[in-house]
Amino acid sequence: KPYYVQYGWTQAVGETAKVPDSDTVWKASADTLTAEKPVSLTWDNGEGLTFQIDLAVDKDYLFTVKQSVRNSGGKAAKLLPWSRVRREYKPEVAGYYVLFEGLYGVAEGTLKEMNYDDTKSEGEKKKGAAFESTGAGGWAGITDKYWLAALIPDQKVAQTVRFQHFGGKGDSYQVDYLTKDAQTVEPNSQANLESHVFAGAKVVHLLDQYEKALELPHFDKAVDFGWFYWITKPFFFAIDYLNRLIGNFGIAILVFTVLVKVAFFPLANYSYRSMSKMKLLQPKVKELQAQFEGKQQEMQQAMMKLYREEKVNPASGCLPMLVQIPVFFSLYK
């Protein structure tokens, strides 16, 4: 039950050039692809066009893919390069609220996510792609709890990205990119398009590294940091650092919890003082309630006057709790 990442070409409207398909047998330059040794796949269509896919991989999870077409014929060809990542079944998902699994990516500068059921229902409703967007930049693929298979197109070339479901004998899910404008390959010339694919574990420091190197928008959000991203990610780095420092993740969490408590101590102390003052004022509050029984507005005015005179804020006891809610949620994430 793997993912499939595929590359190919489609003819522009009105073109008849023969392009590679699922039955094409490619010629490989080597039997094995390694970080030190790239591999080229070539195929001659017999009509003057030679298609080539150059594959390279780094020591981690990033592949560099260069699609090229050489034209040795006497007629120009117009072609649309495409790439796709496909899953031929619907997987069992963890179903946790704190993480996302499904079709995922950044388009139009914002994060787009669609689980398997929504991809299927939206596709049936629209009778086509569940999601579609055209523009330059971004990335998209399919994510599991820990793993990601993501296409990373040329960030300067306008392309259309789609999230799709295909029925039939079973459920298939696909994320694909198609160049917006056809490449014109003149006689005795060559057209190229370079892209990347990330296929591996969502290791945060690697995602950050690739985001910077490839100038990708929000690639670190391949990890579902949630609404409080600006808190959750720094917390992750802090706990990860403590884990490397101490050598025990459980103790690292305990130490971090103590540090958070220390940071919130001034707020908590202020809250406890306010609550104590409120407790001391209870006899006077009861006197006012008895004095202004049945006169709600006058009682409220008298109580507010009492709070001002005693310099007590009745809402201050809730403040620390409100501030800590994002912190608790971020720690859970």
Side-chain angles (χ1 to χ4, degrees), residues 93-101 104 110-111 113 115 143 145-146 202-205 207-208 211 218-333:
V93 298
Y96 296 141
Y97 173 70
V98 292
L99 64 91
F100 176 80
E101 296 170 90
Y104 199 65
T110 58
L111 193 66
E113 56 185 37
N115 63 38
T143 184
K145 181 177 181 180
Y146 298 117
K202 296 185 284 188
V203 181
V204 176
H205 76 88
L207 296 174
D208 285 340
E211 178 178 309
H218 309 301
F219 196 48
D220 61 330
K221 290 186 179 178
V223 173
D224 186 4
F225 285 112
W227 298 334
F228 300 107
Y229 164 87
W230 49 280
I231 302 177
T232 311
K233 189 175 180 183
F235 278 10
F236 165 79
F237 280 126
I239 296 174
D240 187 53
Y241 171 76
L242 289 171
N243 175 49
R244 285 185 277 111
L245 192 68
I246 298 168
N248 183 293
F249 202 81
I251 295 175
I253 292 172
L254 292 173
V255 171
F256 186 77
T257 303
V258 171
L259 293 175
V260 169
K261 281 291 185 182
V262 170
F264 277 108
F265 178 76
L267 267 179
N269 190 44
Y270 175 73
S271 175
Y272 298 147
R273 286 175 180 272
S274 180
M275 288 166 66
S276 297
K277 288 182 179 179
M278 286 291 293
K279 192 174 182 180
L280 291 172
L281 286 178
Q282 282 307 303
K284 292 184 179 180
V285 171
K286 288 181 179 179
E287 287 178 12
L288 291 175
Q289 288 173 342
Q291 182 181 346
F292 295 102
E293 187 175 0
K295 301 176 181 178
Q296 190 69 22
Q297 187 173 355
E298 292 180 20
M299 183 183 70
Q300 288 178 354
Q301 290 174 348
M303 288 177 67
M304 291 305 296
K305 182 181 178 183
L306 175 65
Y307 292 147
R308 283 197 299 270
E309 290 173 350
E310 298 293 338
K311 297 180 180 178
V312 173
N313 184 351
S316 61
C318 302
L319 180 62
M321 184 57 69
L322 292 174
V323 173
Q324 290 179 69
I325 286 174
V327 172
F328 293 147
F329 188 78
S330 298
L331 282 172
Y332 186 49
K333 289 288 284 184

Colleague: First locate atom OG1 of Thr143, then atom NZ of Lys202, and finally report the distance between them rounded to the nearest 0.5 Å.
Modeller: 2.5 Å
Colleague: Are any of the side-chain heavy atoms of Ile239 and Leu331 separated by less than 4.5 Å?
Modeller: yes
Colleague: So, taking the atom named CZ in Phe256 and the one named CZ in Phe249, what distance separates them when rounded to the nearest 0.5 Å?
Modeller: 10.5 Å
Colleague: Short question: side chain of Asn243, backbone of Ala252 - any donor-acceptor pair under 3.5 Å?
Modeller: no
Colleague: Are any non-hydrogen side-chain atoms of Asp224 and Lys333 less than 4.5 angstrom apart?
Modeller: yes
Colleague: Got more than 12 heavy atoms from elsewhere within 6.0 Å of CD, Gln297?
Modeller: no
Colleague: Once rounded to the nearest 0.5 Å, what's the spacing between atom CZ of Phe236 and atom OG of Ser330?
Modeller: 14.0 Å
Colleague: Heavy atoms only: give me the nearest Tyr104-Ala222 pair and the separation to one decimal.
Modeller: CE2-CA, 3.6 Å
Colleague: With sequence neighbours excluded, tell me which residues meet ring-ring contact (aromatic ring centres under 6.0 Å, His included) with Phe329.
Modeller: Phe228
Colleague: Would you say Lys233 and Asp220 make side-chain contact, with heavy atoms under 4.5 Å?
Modeller: yes
Colleague: For residues Asp240 and Arg244, determine if any side-chain heavy atom of one lies less than 4.5 Å from a side-chain heavy atom of the other.
Modeller: yes
Colleague: Could you tell me which non-hydrogen atom of Ile231 sits nearest to which non-hydrogen atom of Pro234, and how far apart they are?
Modeller: O-CD, 3.2 Å
Colleague: State, yes or no, whether a side-chain contact exists between Phe264 and Val327 at a heavy-atom distance under 4.5 Å.
Modeller: yes
Colleague: Check this for me: Phe265, atom CZ, are more than 12 non-hydrogen atoms of other residues, nucleotides or ligands nearer than 6.0 Å?
Modeller: no
Colleague: Just wondering, do Asp208 and Phe237 contact through their side chains at under 4.5 Å, heavy atoms?
Modeller: yes
